[in-house]
Every structure is written in C-alpha cells, then in structure tokens.
J.: 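There's a structure below that I have some questions on.
No hydrogens, no waters, no symmetry mates; every other heavy atom, side chains included, goes into these values. The chains referred to below are lettered A, B, ... by the order of the sequence lines, with proteins before strands, and numbering in each begins at 1.
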4 protein chains.
Amino acid sequence: MTCNCHLEHIISLTFISDPATGRRRNAVSHDAILDATYVMLEEIGFDKLSLEGVAARAGVGKATIYRWWPNKSALAMESLLRAVEPMPPIGDSGSSRQDIEDHMTRLSQLLRGKSGRVVREMIALAQFDDETMRIFNDNYLEPRRVALVSVLRRGAQRGEFREDFDLNLVFDLLYAPLLQRLLTGSADIDERQIQSQLKLVLGSIALEQPVVQ
Amino acid sequence: MTCNCHLEHIISLTFISDPATGRRRNAVSHDAILDATYVMLEEIGFDKLSLEGVAARAGVGKATIYRWWPNKSALAMESLLRAVEPMPPIGDSGSSRQDIEDHMTRLSQLLRGKSGRVVREMIALAQFDDETMRIFNDNYLEPRRVALVSVLRRGAQRGEFREDFDLNLVFDLLYAPLLQRLLTGSADIDERQIQSQLKLVLGSIALEQPVVQ
Amino acid sequence: MTCNCHLEHIISLTFISDPATGRRRNAVSHDAILDATYVMLEEIGFDKLSLEGVAARAGVGKATIYRWWPNKSALAMESLLRAVEPMPPIGDSGSSRQDIEDHMTRLSQLLRGKSGRVVREMIALAQFDDETMRIFNDNYLEPRRVALVSVLRRGAQRGEFREDFDLNLVFDLLYAPLLQRLLTGSADIDERQIQSQLKLVLGSIALEQPVVQ
Amino acid sequence: MTCNCHLEHIISLTFISDPATGRRRNAVSHDAILDATYVMLEEIGFDKLSLEGVAARAGVGKATIYRWWPNKSALAMESLLRAVEPMPPIGDSGSSRQDIEDHMTRLSQLLRGKSGRVVREMIALAQFDDETMRIFNDNYLEPRRVALVSVLRRGAQRGEFREDFDLNLVFDLLYAPLLQRLLTGSADIDERQIQSQLKLVLGSIALEQPVVQ
DNA sequence: TCATAACCGAGACGGTACGTCTCGTCTTGGG
DNA sequence: CCCAAGACGAGACGTACCGTCTCGGTTATGA
C-alpha cells in the first residue's frame with residue numbers, strides 16, 4: 001500500500017511500507033493536517049507555526065503528524081506544494097518564442113498572486129533542510145525546467161533558435177530574475193519587465209533575426 | 001554615545017541614545033556576541049541557533065543581547081554581514097566587458113566558498129522579516145547593483161554596449177542565475193557556466209560585435 | 001468458557017462468559033503476557049512498566065492484554081502472585097512454638113529473596129487500587145493469617161499459650177515488623193532479630209513458663 | 001543561601017548552592033507548588049497527578065518544578081510531609097508506660113484521620129524510589145523511633161522495663177502493626193486493639209509486674 | 001462443509017503527559 | 001547605567017504510552 005496523498009505521483013515524501021497488517025492510514029486526518037498547515041502558514045507564518053497548533057486545529061494527535069512527516073519544513077513544503085497553482089501548460093502554437101512568451105506571462109501573473117508568496121516561502125524553507133530542498137526542486141523547479149527546455153529544443157530544431165547554447169542556462173535566465181525579485185522584494189514582477197527580459201534573452205539566441213526587431 | 005558596531009553607518013538596527021550618564025556599552029561583550037553567533041551559525045545553523053546558547057558561549061547575559069538586538073534574525077544578519085567578504089572592487093581596465101567578467105569570476109569564486117553559504121542564509125532569513133530583508137538589500141545587493149550598473153553605463157557611454165536596455169535588468173540577468181543556483185542547489189557555480197552566461201547576456205547588448213564572437 | 005488462568009479459583013479478575021462458539025482463548029499468549037510482565041517488573045519496575053512494552057515483548061497485540069486484564073495493576077498483581085513462593089507449609093511437630101518458629105524462619109528467608117521484592121511491590125500497588133488490595137489480602141495475607149492463627153489456637157488448646165489474647169493481634173505482632181522492615185528498608189530481616197521477636201512475642205503469651213527462660 | 005522551604009531543618013531535598021549572583025528563588029512559587037500538589041493529591045490521587053497539572057494550578061512554569069524537585073515522588077513526598085501532623089510530643093509523666101500509652105493513643109487518633117491517609121500514601125510512594133524512601137524514613141519514621149526508644153530507655157533506667165531487649169524491636173512491635181493495618185486495610189485502628197497490643201508488648205518487657213495485671 | 005463468531009497480530013488513531021529547551025522578562029549584587 | 005548570572009511564566013518540542021479502533025487472517029464450533 002502506498003501513500004494516499006494526492007501528490008503521491010510526484011513526491012516520495014511519505015513512504016509507506018506495506019505490512020499487510022494493522023489499521024490503515026486515515027486519509028481524512030492526512031488531509032486535515034495539510035489543510036490546517038496551509039491555513040496556519042497563511043495566518044501566522046512559518047516561524048510561528050507549531051505542530052502542536054496544527055495538530056489541535058486538524059483535530060489530530062501530534063504523533064500522527066510525526067508518523068508521516070519528518071519535520072516542520074517537510075510538512076510545510078508539502079502543504080505549500082498542494083497550494084501552488086499547477087504549472088501553466090505550454091502549448092505548441094507553431095512559434096516556440098510565442099509559447100515561451102505565453103508561459104512567462106502566465107507565470108508572472110501567478111507569481112504576483114498566491115503562488116508568489118507560496119514559492120517564496122518554499123524556497124526559504126528549503127534553505128534549512130536538504131530533504132525539503134529536494135522536494136521543492138523535484139516538484140516545482142525541475143518540471144518547469146524540463147518543460148521549458150523541451151520547448152526551447154523544439155524551437156532550435158525548427159530553426160527558430162541557435163543550437164550552440166546550453167538550454168538550461170537559458171531557462172535560468174528566464175526564471176532566475178523572477179525568483180530573485182520575488183525573494184528580494186527589490187521590484188515587482190511586471191509585464192513590461194518580462195517583455196524586456198524576453199527580448200534580451202530570446203533575442204540573443206534567435207536565429208536569422210536581428211537582435212533589434 | 002552610539003552603537004560601536006562597524007556597520008553603524010549603514011544600519012539603524014541598534015539605536016542607542018547617549019544618556020551621558022551611567023556605564024557605557026561594553027564593546028567586548030558586543031563583539032563576543034557577534035562572534036559567538038557566527039560560529040554557532042556555522043556549527044548548527046540558524047534553525048537550531050538559540051540566544052540562550054549564544055549568551056552562554058559569549059559569556060554574556062541574555063538581557064545584554066536583547067538590549068541591543070530586537071530578534072534572532074537581526075542578530076544573525078549582523079553577524080553574517082560581518083562575515084561576508086566585501087564586494088570585489090570593480091576596476092576600470094578600459095574594457096567594461098572585461099571589468100564585468102573579472103567581477104563575475106571573482107563573485108563566483110566567493111559564492112563557492114564561505115560567502116556562498118552566508119548569502120544563502122541571509123536570503124533565507126530575509127524571507128521571514130521585512131526589516132531583515134531591508135538590511136540585506138541595503139548592505140549586500142544594492143551596493144553590487146549600483147557598482148555593476150555604473151560599469152555597464154560606463155560601457156554604454158564608451159560605445160561598448162547598446163543603450164536601449166534597462167541596466168537593472170542586465171544586472172539581474174548576471175546575478176540572479178548565480179543566486180538561483182545557490183538557493184536551489186540545482187547546480188554548482190562553475191566557471192564555464194559563467195562564461196556562457198556572460199557570452200549570452202553581454203553578447204546580446206554588445207554593440208558592433210556579432211553575437212557569435 | 002472460562003478464564004484459564006491458574007488462579008481462576010481464587011480471583012475473579014477475568015470474568016469470561018461462555019459463548020460456546022468462536023475461537024478459544026490462546027493459552028500461549030496468556031502465559032507469554034504474564035511472563036513478560038514479570039520479567040519486565042524485575043528489570044524496570046512497576047513505574048516504568050508499560051503495556052505497550054509488555055505486548056511487544058510477549059509478541060502479542062495490546063488489545064489482547066486489555067481483553068483480559070482491566071489495568072496495569074491487575075496484570076502486575078497477577079504476574080507477581082504467580083511468582084511469589086507458596087506459603088511455607090506449617091507442620092505439626094507437637095510444639096506449636098516450634099512450628100511457628102520454623103515458619104517465621106522460612107518466611108524471613110523468603111522475604112530476603114525474590115519474594116521480598118515481590119511482596120513489597122504488591123503492597124505498594126495495592127495502595128492505589130481497592131480491587132488490587134483485595135486480591136493481595138485474599139491471596140497472600142489472609143491464608144497466612146488463617147494458618148498461623150490455627151497453629152496458635154492449637155497451641156492454646158494444648159496449653160502452650162494463654163487463651164486471653166486476640167490471636168489476630170499476635171499474628172500482627174509476628175508479621176507486621178517483617179513487613180515494616182521490608183517496606184521501609186530500615187533494616188535487613190535477619191535471623192537474630194526474628195529470634196528476639198519470637199522470644200518477646202511468644203514469651204508474653206506463653207503459659208507456665210517464666211518470661212525469662 | 002539555602003532552601004527556604006519550611007522543612008529545611010529536616011530534609012535535604014532541595015539543595016541550593018549559593019552562587020551569590022542571579023535572581024533568587026521565588027518563595028511564593030515554591031509554596032504554591034507544594035500547596036497545589038497536596039490539594040491535587042487529595043482530589044485525584046498520586047497516579048493521576050501530573051506535574052503539568054500542578055504547574056497549571058500553581059500558576060507556575062513546569063521548569064520551575066523540575067528545577068527544584070527531581071521527580072513526582074519527591075514532590076509528592078515533600079508536600080505530604082508538610083501535611084502530616086507533627087509527631088505527638090512525648091511527655092514525662094513519671095511513668096514511661098503511661099507516656100508511651102499516651103503517645104500511642106494519640107498516634108492511633110492521627111492515623112485514623114488525615115495523617116493516616118497521608119502516611120499510607122507516603123509509604124507507597126517510597127517503594128518506587130530510594131531517595132523518596134530516604135526522605136520518608138529520615139523525616140517521619142526515624143524521629144518517632146528515636147523519641148520512643150529514648151522513652152523506653154528512660155523506663156529501663158528507672159526500673160520499669162527489663163534491659164535485655166532490643167529497644168528498636170520494641171518500637172517495631174508498637175508501630176508496625178498500626179502501619180500494617182493502615183496499608184492492608186485489614187482492620188481499622190481502634191483503641192481497644194491498641195490497649196491489647198500495649199498490654200502484650202509492654203507487659204512482656206515489664207519488670208516486677210505480673211504479665212496479667 | 002461452511003458460515004458464524006470470537007480470537008489474534010499488527011499498528012494507526014486522538015489524546016495526555018512527559019522532561020527538556022528556549023523565549024523574553026525580571027530580579028539580584030557588583031562594577 | 002551596564003553587566004553576569006540565573007530564576008521565572010509560558011509554551012513548543014519530540015517521545016512514550018494510554019486505551020480504542022480497524023485491518024486481514026486464524027481457529028473452532030454447530031447448523
């Protein structure tokens with residue numbers, strides 16, 4: 001028997017051996033815990049979040065939390081992952097540049113909203129625990145990297161982009177500035193900036209197009 | 001009498017009136033506190049750092065810490081700022097591109113070392129407290145932004161770079177990928193990557209130079 | 001079906017109706033529980049004894065314990081009663097005084113050994129639960145009282161002892177000092193003391209013998 | 001500086017070094033803890049007594065309890081010792097026998113009342129912890145033993161009693177039956193029984209007096 | 001022979017309390 | 001007025017057990 005959390009296909013946080021004996025895990029409690037965690041993260045923040053409080057709010061014994069999550073970070077991370085909007089799907093309009101632009105536009109919208117706060121918290125959490133970091137990378141960053149890189153590769157095969165650049169680097173140049181703004185509060189994430197950024201980054205790898213359009 | 005911490009000219013964390021009477025602040029205690037904090041941050045990390053422990057290690061009363069710092073984050077941030085290497089000075093070799101390349105190379109070296117861990121911790125801390133965020137931005141990120149932007153501007157004036165790009169955006173494209181790698185552990189910060197990045201970013205704003213060199 | 005514990009004829013602790021159908025009680029588990037309980041009582045004492053631990057050690061589900069014993073005290077008491085040495089039989093040598101002396105000597109030997117610790121623990125347990133107290137009195141103290149009183153009565157009928165004393169009081173004067181030493185650790189239970197005590201107590205009820213022998 | 005508990009002259013439970021620095025122990029809290037403990041012992045018994053509850057009731061942090069008492073037993077023992085009536089003083093009427101009779105009469109009265117319950121609980125507690133046992137012996141049993149033995153010795157010197165008996169044994173014969181009845185609930189402690197007991201025990205060591213008066 | 005019961009192991013569950021730790025505040029006495 | 005030492009009320013930590021409750025599986029009748 002495996003974890004009955006709805007993220008089981010992505011995260012391997014809560015491994016459950018199958019002893020084929022003993023009472024089964026209570027799905028209601030599991031969800032109540034993650035829900036309570038998320039609500040309390042919103043209300044009082046990670047710092048002041050206590051598993052004691054989560055247990056009380058979820059109507060659950062503390063031991064039940066400790067049975068399934070190794071620490072506060074991992075619990076918070078899983079609750080945040082449930083809350084973050086799923087990755088904006090990347091279509092295939094024929095123009096990879098257009099596909100990327102659509103994705104980045106949608107991403108910037110999400111980061112301006114709830115997801116922004118959530119992602120910011122997840123990255124902060126990840127700094128204090130390697131396992132938590134792994135969960136974030138595996139479930140947030142990597143899927144986006146994979147998707148975007150494949151669009152870039154498609155574009156390169158089509159002749160839209162040059163082929164002599166590390167596509168992972170291009171991904172970093174697209175995502176990192178947004179995350180930096182998110183984490184340093186140094187500036188809002190606005191549409192115009194995204195456009196400038198796309199012009200500069202994609203322009204530099206564009207083929208048969210002058211850098212200035 | 002004022003705060004004798006060496007950052008007093010920048011941060012207004014520790015505000016001390018000058019009552020012109022009574023015993024003066026003990027500089028030895030002050031340093032012992034920051035030193036103990038830094039050492040313990042290295043040993044056990046921010047999470048497990050306790051003011052109780054810092055006081056014991058520094059041979060100081062807890063009240064003395066509370067007298068001068070409002071919370072754990074502020075104390076940690078100050079101790080980290082003391083420890084982070086000063087910004088690599090940016091010279092003027094005649095070539096702005098070369099100046100930037102030198103700076104970025106040096107930066108990547110620093111981030112691979114002690115400074116990397118320190119910066120990573122500072123950014124994480126800053127997510128949980130606005131004041132801490134302000135201190136980090138004012139004392140770490142902004143000075144680097146100002147310096148790099150001025151080099152970029154110099155280059156633009158010299159005709160090395162085009163003038164139709166937001167220089168702050170360029171700064172982000174240079175710094176953010178490094179910080180992202182630092183924060184997500186997704187890849188080490190290696191020299192070759194820096195070179196690729198510089199080629200792509202600076203290449204795209206270079207004037208009178210083909211993107212392919 | 002009834003309780004198959006070997007004390008069922010005396011204690012009515014475990015009352016089981018006979019449903020005439022269904023699986024029968026597992027005697028192996030039953031013994032394993034009492035054995036594990038006794039061993040753990042020796043190893044860690046009553047305070048730290050947990051039914052959780054007993055279940056684990058006995059290789060038994062917790063529910064099986066709760067099915068047959070109402071609480072920790074009852075379980076411990078039953079396991080101790082199994083372990084306490086049976087009452088030293090009191091013979092009839094012709095001299096009641098000699099019979100009593102033999103019994104007391106044997107008793108003091110037992111109390112110096114395993115039985116001593118066991119009795120001590122049983123008395124302590126009994127202070128916290130009336131039912132437990134009843135079991136202890138019925139199964140330990142009363143049988144000894146009855147036996148000793150009958151020897152005393154026999155002696156009185158024979159003309160060894162005076163008949164104007166409460167034989168229960170004499171029993172108390174014989175047993176209580178031993179139990180007191182056991183419970184207060186104020187002195188070991190040594191042979192010489194027993195002799196002094198017998199001389200004093202039995203001497204005072206002896207007939208046709210000067211107090212000074 | 002020493003323990004400010006009002007029993008400091010007798011018990012050495014709470015040893016306090018004199019660091020000559022730091023805040024001093026709060027006498028109000030100390031008393032509140034012992035009071036709360038005693039009240040709760042009466043209300044719910046030792047088994048269900050929790051330091052958590054004591055702390056809450058006393059309006060005190062749990063750590064304050066753990067700072068000054070090593071465990072629940074020691075705390076309960078000290079609170080009970082405060083509650084037990086002081087030893088009935090033994091006068092000197094000229095007749096040691098009379099003095100002892102007065103003491104035993106008063107003792108049986110006390111044991112029928114609050115002190116009885118308290119002593120019973122103290123003895124039970126003492127079975128689970130050696131230190132607790134020591135406290136009980138030192139503060140309850142020994143003072144009574146010393147006092148009674150000295151009266152017996154006085155009687156022997158006066159020629160009331162024979163001198164060839166262990167006075168400690170006589171003390172045991174006087175006290176132990178009362179404690180046994182207390183602990184086994186086997187009988188109430190009544191006046192007539194005390195008289196029988198005195199007649200038998202003191203009679204047997206009496207000089208120049210027929211055993212039957 | 002097969003359904004019905006009761007038993008059993010395992011172990012999850014909501015709870016309570018443990019004993020420890022740290023928080024931020026508050027005396028102390030000394031400098 | 002500063003300082004160290006350290007007691008204090010508060011409350012979370014992570015652990016251990018409590019007594020109850022599924023689970024799947026195992027005996028034993030007796031219909």
J.: Using whole Å, report how far CD1 of B:Ile44 lies from P of E:dC21.
T.: 13 Å
J.: Kindly write out the residues that satisfy salt bridge (Lys or Arg N to Asp or Glu O under 4.0 Å) with B:Arg117, not counting sequence neighbours, or none if the list is empty.
T.: B:Glu42
J.: Excluding sequence neighbours, so at least two apart, what forms salt bridge (Lys or Arg N to Asp or Glu O under 4.0 Å) with B:Asp47?
T.: none
J.: Checking B:Asn71 now: which residues fulfil side chain to side chain donor-acceptor pair (under 3.5 Å) with it, not counting sequence neighbours?
T.: none
J.: Please report the distance, rounded to the nearest Å, between CH2 in A:Trp69 and C1' in F:dT15.
T.: 18 Å
J.: Provide, to the nearest angstrom, the distance between the CZ atom belonging to A:Phe46 and the P atom belonging to F:dA12.
T.: 15 Å
J.: Measure from CG on B:Leu75 to C1' on E:dG24 and round the result to the nearest Å.
T.: 14 Å
J.: Can you check the C:Ile33 CD1 to E:dG9 C1' distance for me, whole Å?
T.: 12 Å
J.: What integer distance in Å separates B:Ile65:CD1 from E:dT22:P?
T.: 13 Å
J.: Can you give one letter per nucleotide of nucleotides 14-19 of chain E, going 5' to 3': B for a protein heavy atom under 4.0 Å from the base, S for sugar-phosphate only, - for none?
T.: BB-BBB
J.: Can you pull the salt bridge (Lys or Arg N to Asp or Glu O under 4.0 Å) pairs that have at least one residue in residues 61-76 of chain D, sequence neighbours excluded?
T.: D:Glu52-D:Lys62
J.: Just the atom pairs and distances: protein N or O near nucleotides 23-26 of chain F's N or O, under 3.5 Å.
T.:
residue	atom	partner	partner atom	Å
F:dG25	N2	C:Arg23	NH1	3.1
F:dT26	O2	C:Arg23	NH1	3.0

J.: List for me each residue that meets side chain to side chain donor-acceptor pair (under 3.5 Å) alongside C:Thr37, sequence neighbours excluded, and say none if there are none.
T.: none
J.: Can you check whether D:Trp68 has a side-chain N or O nearer than 4.0 Å to OP1 or OP2 of F:dC8?
T.: yes
J.: Are C:Arg25 and C:Trp69 in a cation-pi setup, meaning NZ or CZ lies under 6.0 angstrom from the ring centre and within 45 degrees of the ring axis?
T.: yes
J.: Can you name the side chain to side chain donor-acceptor pair (under 3.5 Å) partners of B:Ser29, sequence neighbours left out?
T.: B:Asn26
J.: Check side chain to side chain donor-acceptor pair (under 3.5 Å) between A:Arg23 and all other residues, then give those that pass, not counting sequence neighbours.
T.: none
